[in-house]
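Here the structure comes first, spelled out in structure tokens, and everything after it is commentary.
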Amino acid sequence: MALVRNNSSNGREPILSPRSLTSPRGLTSPRPLTVQPTQEPVRPLANFPPSIWADRFISFSLDNNELEAYANALEGPKEAVRSLIIDTTMDATAKLKLIYSVHRLGLSYLYPEEIDAELNEIFKKIDLQYYEQVDLYTISVQFQVFRHHGYKLSSDVFKKFKDNNTGTFTDDVTKDVKGMLSLYESAHLRLHGENLLDEALAFTEAQLKTIVSTLEGDLARQVNQVLKRPFHTGMPMVEARLYFNTHEEDFSSHESVVKLAKVHFNYLQLQQKEELRMVSQWWKDMEFQTSVPYIRDRVPEIYLWILGLYFEPYYSRARIIATKITLFLVVLDDTYDAYATIDEIRSITDAINRWEISAIDQLPEYIKLFYRILLNEYDDLEKEYSKDGRAFSVHASKQAFQEIARGYLEEAEWLHNGYVATFPEYMKNGLITSAYNVISKSALVGMGAIADEEALAWYETHPKILKASELISRLQDDVMTFQFERKRGQSATGVDAYIKEYNVSEEVAILELMKMIENAWKDINEGCLKPTEVSVALLTPILNLARMIDVVYKFDDGFTFPGKTLKDYITLLFVTPPPSIENC
Ligand SMILES: CC(C)=CCC/C(C)=C/CC/C(C)=C/COP(=O)(O)OP(=O)(O)O
């Protein structure tokens, strides 16, 4: 949340214009609108920057023949890469490098069993003595490839790079830029107690920053890229495109990998542009831009966020559902933070908890259309998923939505009463308002058979990895937005709660919260190691939610002001043509 508090009504258009009362889905207001000459209350308007994209993505027109042609073109290289992965004549070092590249290019979901079988076989036979003979780059790649896939290769493999006398890293490390870069990537996979990796991260970061301006070509691009964001905390789809552009030497010897990556990028871009068109059209048809014009109008940004959770083609329906529900969250969050009065917030929260259309009468005019659409969308989902016995996931999403409304109300009550919560109190509510419980549960709705009742039951236990992802979301957002929130008179942030609780300076509070975020990342890394509590397919969206917070909030409030990172990412994925497949 950002921008300066603005208490004037600002000469805005009436919130609910007659046009906004009808929609193609028959969402007509039950009563004719009579304009009451009531006095407009003081509202905490934020004047959010408008959408950068306007209707740009609505005009896309999918050519199904083209999509099908790409789908067919995938088959050949897909099988050729499969043959490489299971090739018994390839030595373990080459095999691990291949699997590393396949993973970084976003292709490992095509071969889950083959890759696991290969890694399992190699991991069983690993002799730590082997690592005494090999260079830093090779060790780092192997360390990452094992940890990416849940195998806990010991961080002791890096021990030999530390000088026992000085306790620092050896000169050989400093001279090996590629090795350092790869060690830096590896260190982000650290677990609790892996002090060597904590030190390696600080050391390599400082070294790479010192030398980056002296480098040229791909190496310079790679180092700049990793310093901005290492693979492990990035958005998988974007990381795949960047890796393809700057690490060609890693995989160019395998022609089928190059070809597969190219066709795959082209296929996915078409599919995703169509999905983005669908949600953009829906948003326009639902007339949110006119009924709730005070919110952050961020359809491509929210679609990107959800694409960050899962990009696999078979989650297309899941992405559409999760995007719509997350857009509902934006409406709710901005209504509570940047428009409604406290009485209106109480009544909206009550209506969301009653969840029945008759509750619409208690709502202020401006939010009635939203309420109707919210109930309709969930009704449609319930009908759609009841057919195959999956309505339980829709109910879980709805309950989480009701819970977050109560969480937002709690924040609003604190603010209304001028109360700064204790830190534990803040965090209890803050994990709810992180929105990640709603989003992760909503993400399950369209995922199909793997998101069964057992999977949901695991989510309901509020596992450590989910808590960690929520904590990262809540605190990374707070650290980047608390100054703006304060300016707007919003003091419900973790930074203020921490300062009050522990009577420390702002700097100390921020450092402590950053440490909590680091520890939460270690929890996530541990939760992704074998044996995992649930399947990797269910864990990955939770890991990816944490990654998306890093993407959006690492440098600034990238959601309120999406003109930097998110604009670049949206441009790269949905505007810039993917690598050409001519001559493939
Ligand atoms: C909290 C957070 C980063 C959530 C991310 C998940 C997500 C996409 C939620 C939808 C609503 C949203 C964009 C909240 C962040 O804005 P904000 O900074 O105004 O959130 P706040 O009002 O909860 O601080």
Side-chain angles (χ1 to χ4, degrees), residues 1-3 5 44-49 51 235 279 288 292 294-309 319 322-340 345 397 400-401 403-412 414-415 421 426-427 429-443 466 469-497 513 517 520 541-542 544-554 556-562 565-566:
M1 180 61 47
L3 300 176
R5 191 181 192 101
L45 296 179
N47 295 329
F48 293 121
S51 166
M235 175 177 175
V279 288
F288 287 114
V292 285
Y294 52 82
I295 67 161
R296 288 169 288 188
D297 185 0
R298 302 283 182 269
V299 178
E301 290 80 3
I302 290 294
Y303 173 72
L304 182 89
W305 208 310
I306 298 302
L307 179 63
L309 263 66
R319 281 191 287 276
T323 301
K324 287 184 181 179
I325 295 175
T326 309
L327 284 165
F328 289 147
L329 286 174
V330 179
V331 177
L332 200 69
D333 187 35
D334 287 345
T335 299
Y336 281 45
D337 281 352
Y339 197 77
I345 290 174
S397 162
F401 199 91
E403 182 191 45
I404 199 171
R406 295 193 294 272
Y408 285 157
L409 169 66
E410 171 112 38
E411 258 183 21
W414 288 339
L415 192 65
Y426 177 79
M427 286 310 289
N429 198 53
L431 293 193
I432 295 168
T433 64
S434 76
Y436 270 18
N437 188 34
V438 190
I439 300 178
S440 57
K441 284 202 181 128
S442 307
L466 180 58
S469 194
E470 289 170 358
L471 180 143
I472 292 169
S473 160
R474 182 67 277 157
L475 294 183
Q476 184 80 42
D477 172 274
D478 285 353
V479 164
M480 292 319 293
T481 64
F482 77 97
Q483 278 164 328
F484 298 114
E485 299 249 15
R486 270 194 206 152
K487 273 193 210 158
R488 297 188 66 242
Q490 309 260 349
S491 58
T493 70
V495 178
D496 287 318
L513 298 188
I517 293 172
I542 297 178
N544 284 340
L545 276 166
R547 289 170 161 163
M548 286 312 291
I549 283 295
D550 197 81
V551 166
V552 180
Y553 291 98
K554 183 170 180 178
D556 52 20
D557 177 355
F559 184 68
T560 303
F561 303 100
T565 308
L566 294 193

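In listed order, ligands and their atoms are each counted from 1.
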Exercise for review: Could you tell me whether ligand 1 has any atom less than 4.0 Å away from a heavy atom of Arg296?
Suggested key: yes

Exercise for review: Check ligand 1 against Ala435 and write out every atom of the ligand that is under 4.0 Å from a heavy-atom position of the residue.
Suggested key: 6 (C), 9 (C)

Review point. Can Tyr426 and Thr493 be counted as having a side-chain donor-acceptor contact under 3.5 angstrom?
Key: no

Review point. Does Glu485 have a non-hydrogen atom less than 4.0 Å from ligand 1?
Key: yes

Point to revise | Closest non-hydrogen atom pair between Ile306 and Ala322, with its separation | key: CG2-CB, 3.7 Å

Point to revise | Side chain, backbone, both or neither: Ile439 near ligand 1, heavy atoms under 4.0 Å | key: side chain

Practice item. Would you check whether Ser434 has a nitrogen or oxygen atom less than 3.5 angstrom from a nitrogen or oxygen atom of ligand 1? Key: no

Check your understanding: Is the closest N or O pair between Ser473 and ligand 1 shorter than 3.5 Å?
Key -> no

Check your understanding: If hydrogens are left out, which of Ile404, Ile295, Thr326 has an atom nearest to atom 8 (C) of ligand 1, that is, the closest non-hydrogen atom?
Key -> Thr326

Review point. For Arg298, is the nearest heavy atom under 4.0 Å from an atom of ligand 1?
Key: no

Exercise for review: Please work out which of Tyr553, Trp305, Phe482, Phe559 has its closest non-hydrogen atom nearest to atom 5 (C) of ligand 1.
Suggested key: Trp305

Practice item. Consider every N or O of Asp337 and every N or O of ligand 1, then say whether any pair is closer than 3.5 Å. Key: yes

Point to revise | Heavy-atom closest pair, residues Gly558 and Leu566 | key: O-CD1, 3.4 Å

Review point. Of all heavy-atom pairs between Asn429 and Gly407, which one has the smallest distance, and what is that distance?
Key: ND2-O, 2.9 Å

Review point. Testing Met427, Met480, Glu470 for side-chain contact (heavy atoms from CB on, under 4.5 Å) with Leu475, which one passes?
Key: Met427

Practice item. Give a yes/no verdict on whether any heavy atom in Ile549 is under 4.0 Å from an atom of ligand 1. Key: yes

Revision key, fill the gap. Ligand 1 to Asp477, heavy atom cutoff 4.0 Å, flagged ligand atoms 3 (C), 17 (P), 18 (O), 20 (O), 24 (O)

Practice item. List the atom of Ile295, the atom of Phe48, and the distance in Å for their closest heavy-atom pair. Key: C-CD1, 4.0 Å

Check your understanding: Does Tyr436 have a heavy atom less than 4.0 Å from any atom of ligand 1?
Key -> yes

Check your understanding: Can you name the residues that form a salt bridge (Lys or Arg N to Asp or Glu O under 4.0 Å) with Arg298, not counting sequence neighbours?
Key -> none

Point to revise | ligand 1 to Asp334 polar contact by distance, N or O atoms, under 3.5 Å | key: no

Check your understanding: Which residues satisfy the side chain to side chain donor-acceptor pair (under 3.5 Å) test with Gln483, sequence neighbours excluded?
Key -> none

Revision key, fill the gap. Note: Val438 and Ala400 closest approach over all heavy atoms is CG2-O, 3.5 Å

